[in-house]
Enquirer: 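Before I ask anything, let me first share the structure, which is written out below as structure tokens.
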Amino acid sequence: MDKRYLKKSSNKARKRLVVILVILAIALIVPSIFTYLGLKSAMSHGKGLVAAYKNQQFESLRTEVTASKNGMQGANISLGFLFWLRLIPFLGGYYSDAKGFVGAGAEALVALDTVLINLESAKDELGFNGYPKSGPERVTQAANILNKSLPFLDKIQVNLAKAGDSVKNIDTGKYPDKIGAISIRKNVEVVKNFVLGASVAIKEGRPALMATPKLLGIPESKNYLLLFQNDKEIRPTGGFMTAYATLTINNGQVSATTSDDIYRLDEKLLNVCLTKICSLSPPAPIVKYLPEVSGKPRTAWSMRDSNISPDVSSSAKEFERMYQLLGEGLPFDGIIFIDTQVVEELIEVTGSIDVFGTKYSAEVDKRCNCPNVIYELESYAEIAAKGEKDRKAILGVLMQQILARSVGADVEKLPQLVETIARLANHKHIMFYMHDEVSQSALAKLNWTGEIKSYGGDYLHINDSNFAGGKSNLYVEQKVTQEINIQKDGTVKKKITIEYKNDQPFGIWLNGINRDYVRFYVPKGSKLVSSRGSEDTVNTIEDLDKTVFEAFIQVRPQNTRKLEMEFTSPYNPKGEYKIMIQKQPGAKDFRYIIKINGSTKADFKLDQDREFKFNI
């Protein structure tokens with residue numbers, strides 16, 4: 001073969017390779033450069049946006065929002081030219097995430113720009129006067145901005161819906177926990193949840209947004225009773241009621257007026273009932289499983305045990321019935337239930353807090369192998385239970401400081417704060433019971449009211465009550481397996497297995513024998529076939545339009561137990577199997593497994609109420 005021909009062929013091949021490399025370089029480098037420049041501009045003007053808001057300069061705020069929006073939109077367009085990166089294993093997933101976050105940012109900034117355009121005429125009324133505001137003043141302003149924005153929410157719904165769609169499928173679990181000292185996964189989760197939360201709020205949560213100004217004391221102040229439930233001593237609505245505080249909210253500004261432990265209220269109730277007849281006969285489960293310290297069955301029902309119904313509004317009404325026996329009426333507009341998870345996560349955002357010489361922080365405490373704030377709260381609960389006369393009412397002071405830190409937080413921390421509160425409510429660590437029916441209905445649409453729902457399919461709610469078992473729910477874990485068998489005639493037979501595990505050693509007051517009154521809420525008309533593991537005869541009752549199987553089990557430290565229920569269900573699926581599983585307020589995110597005819601259909605952490613539809 002002619003050497004000149006071979007040389008020409010070789011040169012052509014090199015030229016083709018060079019051309020391909022140049023094209024690839026252009027396809028990668030040019031869009032990357034413009035993406036970088038767009039993001040750099042968006043971040044730079046984002047800092048200007050924050051500064052303009054801090055200085056209450058409306059015109060500068062609008063200018064910086066527009067510039068940030070333009071930068072983010074430019075970056076989003078440039079990222080679009082890198083679409084081929086999706087095809088590269090491993091890298092493609094991260095590219096899709098980046099495209100999703102940048103696209104969501106662009107849509108969110110368009111929405112913010114629209115809001116500011118519509119608020120232009122009200123800027124003076126809203127207090128944009130060029131002078132920085134204090135934390136409480138910013139809260140009042142934010143509440144007024146929301147109130148003024150309500151008439152034009154439709155204008156931004158499409159943008160926020162697109163933003164939510166852009167991030168909803170991002171798997172935050174694949175990100176590392178930290179790189180150096182920088183939290184990666186948590187920051188990604190905060191951004192994703194914040195965007196999704198805004199999307200849900202503007203659509204499903206529209207009634208709640210409409211009710212928010214009223215709930216925040218605009219135009220009239222509101223009083224709320226804050227009930228602290230100890231989820232480490234789990235009870236039907238989230239935990240043993242340990243303490244309370246009264247909050248007043250006026251134009252968005254919060255102040256705690258009174259605070260004490262729940263035993264003080266019960267002491268007052270006892271004194272009142274010495275002089276008049278009080279209807280306080282305890283329900284059967286309390287008589288049976290929650291004896292007095294002496295071992296004798298209880299003869300009176302206390303406010304601290306009033307949350308026996310797993311339906312939060314039902315328990316709230318029972319608590320209020322007892323409260324009214326004090327002769328003080330109902331000096332509040334509703335009840336807000338919180339648990340230790342709320343205090344812990346808010347302190348993670350605000351930083352450690354000192355109350356009466358005791359430090360409350362999110363750092364791990366070796367005395368319990370748990371966050372320090374949890375140990376101190378459990379210690380306080382133990383002191384309150386002993387009834388020491390000089391016990392201090394810490395809840396009001398602690399919440400007052402947390403609220404003060406929260407409203408005074410840097411503007412940059414506000415998205416994390418909002419995301420944290422919304423997530424805690426979604427995961428049933430914050431629950432609401434409002435006297436105003438419109439407000440209650442609005443919060444119910446967000447699933448923030450802890451109701452046991454009606455459902456046209458299969459249903460399950462497992463409710464645990466720790467009766468005199470210390471704070472052992474700090475350590476008890478559960479795994480729930482549902483084995484669903486659809487018979488040839490279409491009828492459904494189910495077996496539910498709960499595996500309990502406490503791998504921690506016995507503790508004097510934190511970890512002890514978990515005395516668990518367990519209720520299985522299943523479709524009305526279900527029939528028990530057999531049961532295993534209950535230390536008492538399983539009883540079948542009806543409650544909240546459900547059939548309920550009642551059982552009792554004791555889980556000891558460094559031990560495991562298993563509880564099984566087998567029953568037939570009246571549910572007759574057609575073409576698809578629908579099931580709703582409702583999480584117990586305050587409960588950990590336990591693992592659930594669903595099997596249908598031997599095939600695993602779902603394996604997940606129950607962090608909130610879930611609905612599934614399976615083809616059969």
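Everything quoted here is computed from the prediction, not taken from an experiment.
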Enquirer: Would you mind telling me which of K583, K605, K479 makes a salt bridge (Lys or Arg N to Asp or Glu O under 4.0 Å) with D589?
Expert: K583
Enquirer: Can a donor-acceptor pair be found between the side chains of Q482 and Y592 at a distance below 3.5 Å?
Expert: no
Enquirer: Quick check on K178: does its NZ atom have over 12 non-hydrogen neighbours (other residues, nucleotides or ligands) under 6.0 Å away?
Expert: no
Enquirer: Is a donor from one side chain sitting under 3.5 angstrom from an acceptor on the other, for T481 and T497?
Expert: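 No - no donor-acceptor pair under 3.5 Å links their side chains.
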Enquirer: Is any side-chain N of the basic residue among K495 and E566 closer than 4.0 Å to the acidic one's carboxylate O?
Expert: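 A salt bridge is absent here (no side-chain N lies under 4.0 Å from a carboxylate O).
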Enquirer: Stepwise, does the salt bridge (Lys or Arg N to Asp or Glu O under 4.0 Å) test hold for R298 with E292?
Expert: CA-CA 6 Å; R298 289 185 183 269; E292 298 282 2; 3.5 Å; yes
Enquirer: I need the minimum non-hydrogen distance between S306 and S315, along with the two atoms involved.
Expert: O-OG, 4.0 Å
Enquirer: Does E363 form a side chain to side chain contact (heavy atoms under 4.5 Å, CB included) with S352? I'd like the steps, not just the answer.
Expert: CA-CA 9 Å; E363 298 173 1; S352 62; over 6 Å; no
Enquirer: Rounded to the nearest 0.5 Å, how far does CH2 of W301 lie from SG of C278?
Expert: 13.5 Å
Enquirer: Quiz question: by atom type and distance under 3.5 Å, do the side chains of S309 and D311 form a donor-acceptor pair?
Expert: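 Side-chain D/A pair, S309 to D311: absent.
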Enquirer: State yes or no: are the ring centers of Y244 and Y323 separated by less than 6.0 Å?
Expert: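 No; Y323 has its ring centre 6.0 Å or more from that of Y244.
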Enquirer: Rounded to the nearest 0.5 Å, what's the gap from CG on L269 to CZ on R264? Could you check?
Expert: 15.5 Å
Enquirer: For a side chain to side chain contact (heavy atoms under 4.5 Å, CB included) with K527, tell me which candidate from T540, V522, T568 qualifies.
Expert: T568
Enquirer: Taking atom types as modelled, find out whether E451 and S313 have a side-chain donor-acceptor pair closer than 3.5 angstrom.
Expert: no
Enquirer: Between the side chains of K192 and E189, is the shortest nitrogen-to-carboxylate-oxygen separation below 4.0 Å, so that they form an ion pair?
Expert: no
Enquirer: Take K601 and I484 through the side chain to side chain contact (heavy atoms under 4.5 Å, CB included) test and state the conclusion after the steps.
Expert: CA-CA 10 Å; K601 298 294 184 179; I484 302 165; over 6 Å; no
Enquirer: Should R235 and D305 count as an ion pair when the cut-off is N to O under 4.0 Å?
Expert: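 A salt bridge is present here (some side-chain N lies under 4.0 Å from a carboxylate O).
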Enquirer: Report the relative orientation of the aromatic rings in Y289 and F552; use parallel for angles under 30°, tilted for 30 to 60°, perpendicular for over 60°.
Expert: parallel
Enquirer: Report the distance from atom CD1 of I553 to atom CD1 of I513, rounding to the nearest 0.5 Å.
Expert: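 Answer for the CD1-CD1 pair, I553 versus I513, is 12.5 Å.
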Enquirer: Which heavy-atom pair separates S526 from P570 by the least distance, and what is that distance?
Expert: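 Closest pair (atom of S526, atom of P570, distance): OG-CD, 3.4 Å.
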Enquirer: Go through the side-chain N and O atoms of D536 and S534 and say whether any donor and acceptor fall under 3.5 Å apart.
Expert: no
Enquirer: Which heavy atom of K453 sits nearest a heavy atom of K546, and at what distance?
Expert: O-NZ, 2.7 Å
Enquirer: How many angstroms lie between OG in S465 and CD1 in I234, if you round to the nearest 0.5 Å?
Expert: 8.5 Å
Enquirer: In terms of side-chain geometry, is the basic nitrogen of D231 or K588 positioned less than 4.0 Å from the acidic oxygen of its partner?
Expert: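 Answer for the salt bridge query: no.
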Enquirer: Anything under 3.5 Å between a donor and an acceptor, one on a side chain of residues 455-462, the other on a protein residue two or more places apart or in another chain? List them.
Expert:
from : atom 1 : to   : atom 2 : distance (Å)
Y455 : OH     : E611 : OE2    : 2.8
D458 : OD2    : K494 : NZ     : 2.9
D458 : OD2    : Y577 : OH     : 2.7
Y459 : OH     : Q582 : OE1    : 2.6
H461 : ND1    : Q582 : O      : 3.0
H461 : NE2    : N463 : ND2    : 3.1

Enquirer: Within the 4.5 Å heavy-atom criterion, are M565 and S531 side-chain neighbours or not?
Expert: yes
Enquirer: Can you give me every donor-acceptor pair (side chain of residues 417-426, partner residue at least two apart or in another chain, under 3.5 Å) with its distance?
Expert:
from : atom 1 : to   : atom 2 : distance (Å)
E419 : OE2    : N193 : ND2    : 2.9
E419 : OE2    : R423 : NE     : 2.9
T420 : OG1    : Q416 : O      : 2.7
R423 : NH1    : E345 : OE1    : 2.9
R423 : NH1    : E345 : OE2    : 3.4
R423 : NH2    : E345 : OE1    : 2.9
N426 : OD1    : W448 : NE1    : 2.8
N426 : ND2    : A422 : O      : 3.3

Enquirer: Working note: N514 + Y500, criterion side chain to side chain contact (heavy atoms under 4.5 Å, CB included); need CA distance, chi angles, decisive distance, verdict.
Expert: CA-CA 10 Å; N514 185 268; Y500 297 87; 5.7 Å; no
Enquirer: Around atom NZ of K595, are there more than 12 heavy atoms of other residues, nucleotides or ligands at under 6.0 Å?
Expert: no
Enquirer: Report the C-alpha separation of N307 and L227 in whole Å, then their side-chain angles, then the decisive distance to 0.1 Å, and conclude whether the side chain to side chain contact (heavy atoms under 4.5 Å, CB included) test is met.
Expert: CA-CA 11 Å; N307 58 340; L227 281 178; over 6 Å; no
Enquirer: According to ring pair (Phe, Tyr, Trp, His ring centres under 6.0 Å), who are the partners of F590, at least two apart in sequence or on a separate chain?
Expert: none
Enquirer: One thing to verify: whether D516 and R561 come together as a salt bridge, which I'm taking to mean a side-chain N less than 4.0 angstrom from a carboxylate O.
Expert: no
Enquirer: Considering all heavy atoms of both residues, which atom of N447 and which atom of M431 are nearest to each other, and what is their separation?
Expert: O-CE, 4.3 Å
Enquirer: Considering all heavy atoms of both residues, which atom of G238 and which atom of Q229 are nearest to each other, and what is their separation?
Expert: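 For G238 and Q229, the tightest heavy-atom pair comes out as CA-NE2, 3.8 Å.
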Enquirer: Tell me, do F240 and R304 make a side-chain contact under 4.5 Å, heavy atoms counted?
Expert: yes
Enquirer: Looking at R532, I want to see if its CZ is surrounded by more than 12 non-hydrogen atoms of other residues, nucleotides or ligands under 6.0 Å.
Expert: no
Enquirer: Are F604 and I594 packed together at the side-chain level, in the sense that at least one heavy-atom pair is separated by less than 4.5 angstrom?
Expert: yes
Enquirer: Roughly how far apart are S530 OG and L528 CG, rounded to 0.5 Å?
Expert: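 Taking OG in S530 and CG in L528, the distance rounds to 6.5 Å.
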Enquirer: Once you measure the plane-to-plane angle for Y433 and H435, does it fall in the parallel (<30°), tilted (30-60°) or perpendicular (>60°) bin?
Expert: perpendicular
